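Beneath this line is the structure, given in structure tokens, with notes to follow.
Letters go in sequence order (proteins before strands), and every chain restarts at 1. The structure displayed is predicted, hence computed values, not measured ones.
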Amino acid sequence: MPELPEVETVRRTLAPLVGKVIASSWGSGKPLHMNRPVPYEAIARYAVTTTIRAIRRHGKYLLLDLAARRGPSQVLLVHLGMTGRLRIHAVGEPRGVHTHLVLGLREPSKRKIRHELRYTDIRRFGQLDLVTAGAEAAHPALRVLGRDPLVEPLDGSFIHSHARQSGQAIKSFLLNQRIISGLGNIYASEALWLARIRPTLRARKLSRPRAALLAEAVTQVLHHALTHGGTSLKDFVAADGAQGSHSDYLQVYGRGGEPCRRNTCKGTIRRTVIQGRATFHCPKCQER
DNA sequence: AGACAAACCTGTCTGC
DNA sequence: TGCAGACAGGTTTGTC
């Protein structure tokens, strides 16, 4: 579900949790991503009594920095997969069936737990892990991540130098988290439409000027989505429960059979499949 | 190397 | 109404 703008929206709405103390932990015991076990017990053991110091993001991963009173600090790693949600609830709000982690939160100066941070995930494609602080960059999931466009802006030469080494379709190239981290299936189609590039174009055929256009388009699409709080097609909500409004602004994604929105272009948006993922483009203005 | 399918799951929608 | 099948924002794994 969530791509960079959605995950960043969650991160921003989680900001009020910085400074709170984790006072309790409950886990569902169920495996998540790839049916792999989640260290629920370690989270309960190490995260309880820690203070949330910061909430960071790299690509589609969220990192909660947890400072322990004594002993090493920890980092809670969260990936939302397709249907993962991280939300702040008042204690006592009914807990949904697909809840997998509940962290009770209190003010540092008080004893009573008033809020809970809950992770729910219907399809269980998300990830939860606990890493010793300082070692998170070596975590298998984070180690391989490429450039985060919000942390380090993209430019034409970055795209061009990587694209020339890839024989993949440009859309598959954009989805490769090892190159650019955070771009997903919606915004890959959107960025290619904005840059007028056909999704099946071989990455290595991308000229330098068009690489610059693409870098610009990716940046613009991500920032634009972020200003709308992300795209809610179905499941996505921010940590405060708010839905993103960016689905109203999508130019191609999910618009198969509908007219192209580019001025003067009378094309019809086509839905195709590339590497098993739905892909949308306008055959008329994204030719070449 | 890269394309594809399947795998991990549940829910929703479509068509018969 | 019921049921089968397709499809869904992600990532990994195996096969051709």
Sticking with atom [atom1], work out how far [N] lies from [M], rounded to a whole angstrom.
N: C:dT11; M: B:dG11; atom1: P; result: 22 Å
N: B:dA5; M: C:dA6; atom1: C1'; result: 15 Å
N: B:dC13; M: C:dG9; atom1: P; result: 16 Å

May I ask you to verify whether the side chain of A:Arg123 and the base of B:dC9 hold a donor-acceptor pair under 3.5 Å? yes
Determine, for nucleotides 11-16 of chain C in 5'-to-3' order, which nucleotides have protein heavy atoms under 4.0 Å from the base (write B), from only the sugar-phosphate (write S), or from neither (write -). BBS---
Determine the contact category for A:Tyr253: base if any of its heavy atoms lies under 4.0 Å from a base atom, sugar-phosphate if only primed atoms, P, OP1 or OP2 are that close, otherwise nothing. sugar-phosphate
Please work out if A:Ser247 contacts a base, only the sugar-phosphate, or nothing of the nucleic acid, heavy-atom cut-off 4.0 Å.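 No contact.
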Measure centre to centre between the rings of A:His33 and A:Phe125, then say whether the value is under 6.0 Å.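 Ring centres of A:Phe125 and A:His33 not closer than 6.0 Å.
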Any luck finding a side-chain donor-acceptor pair between [X] and [Y] under 3.5 Å?
X: A:Arg118; Y: A:Thr120; result: no
X: A:Thr13; Y: A:Asp240; result: no
X: A:Ser28; Y: A:His100; result: yes
X: A:Glu6; Y: A:Tyr187; result: yes

Same cluster for A:Val10 and A:Val102 if Ile/Leu/Val/Met/Phe/Trp/Tyr side chains link at under 4.5 Å? no
If Ile, Leu, Val, Met, Phe, Trp and Tyr residues are connected whenever their side-chain heavy atoms lie under 4.5 Å apart, and connections chain through other members, are A:Val78 and A:Tyr46 in the same group?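 Yes, same cluster.
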d([atom1], [X]; [atom2], [N]) in whole Å:
X: A:Arg124; N: B:dC8; atom1: CZ; atom2: P; answer: 11 Å
X: A:Ile179; N: B:dG2; atom1: CD1; atom2: C1'; answer: 14 Å
X: A:Leu128; N: B:dC9; atom1: CG; atom2: C1'; answer: 15 Å
X: A:Ile274; N: B:dC4; atom1: CD1; atom2: P; answer: 9 Å
X: A:Leu233; N: C:dG10; atom1: CG; atom2: P; answer: 11 Å
X: A:Asp121; N: C:dA8; atom1: CG; atom2: P; answer: 18 Å
X: A:Leu32; N: B:dC9; atom1: CG; atom2: C1'; answer: 10 Å
X: A:Asp235; N: B:dT12; atom1: CG; atom2: P; answer: 9 Å

Check each residue of residues 162-172 of chain A for a non-hydrogen atom within less than 4.0 Å of any atom in DNA chain B, then write out the ones that pass by number, or none. A:Ser166, A:Gly167, A:Gln168, A:Ala169
Does atom NZ of A:Lys30 have more than 12 heavy-atom neighbours from other groups under 6.0 Å away?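 Not buried by this count: 12 neighbours or fewer within 6.0 Å.
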Is the number of heavy atoms from other residues, nucleotides or ligands within 6.0 Å of CZ (A:Arg164) greater than 12?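 No - once you tally the heavy atoms of other residues, nucleotides and ligands closer than 6.0 Å, there are 12 at most.
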Donor-acceptor pair, side chain of A:Gln286 and main chain of A:Pro283, under 3.5 angstrom: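 Such a contact is absent between A:Gln286 side chain and A:Pro283 backbone.
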Would you say A:Glu190's side chain and A:Val252's backbone share a donor-acceptor pair under 3.5 angstrom?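 The answer is yes, because a donor-acceptor pair under 3.5 Å joins these two groups.
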For Watson-Crick and G-U wobble pairs within 3.5 Å on both distances, what is DNA chain C written in dot-bracket notation, | included for inter-strand pairing? .|||||||.|||||||
Distance test, side-chain N/O of A:Asn35 to OP1/OP2 of B:dC9, below 4.0 Å: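 Yes, such a contact exists.
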With the six-membered base ring of B:dC9 as reference, does the ring of A:Phe125 sit under 5.5 Å away with planes under 30° apart?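 So no, this residue does not stack on that base, at least one cut-off failing.
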A:Arg202 or A:Ile122: which one's nearest nucleotide on DNA chain B is closer to the 5' end?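 Nearest-nucleotide comparison on DNA chain B picks A:Arg202.
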NZ or CZ of A:Arg261 within 45° of A:Trp193 ring axis and under 6.0 Å: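 No cation-pi geometry.
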Assign the ring pair A:His228 / A:Tyr249 to parallel, tilted or perpendicular, where the plane angle (0 to 90°) is split at 30° and 60°. parallel
Out of B:dC9, B:dT10, C:dG9, which has the shortest distance to the side chain of A:His98? B:dT10
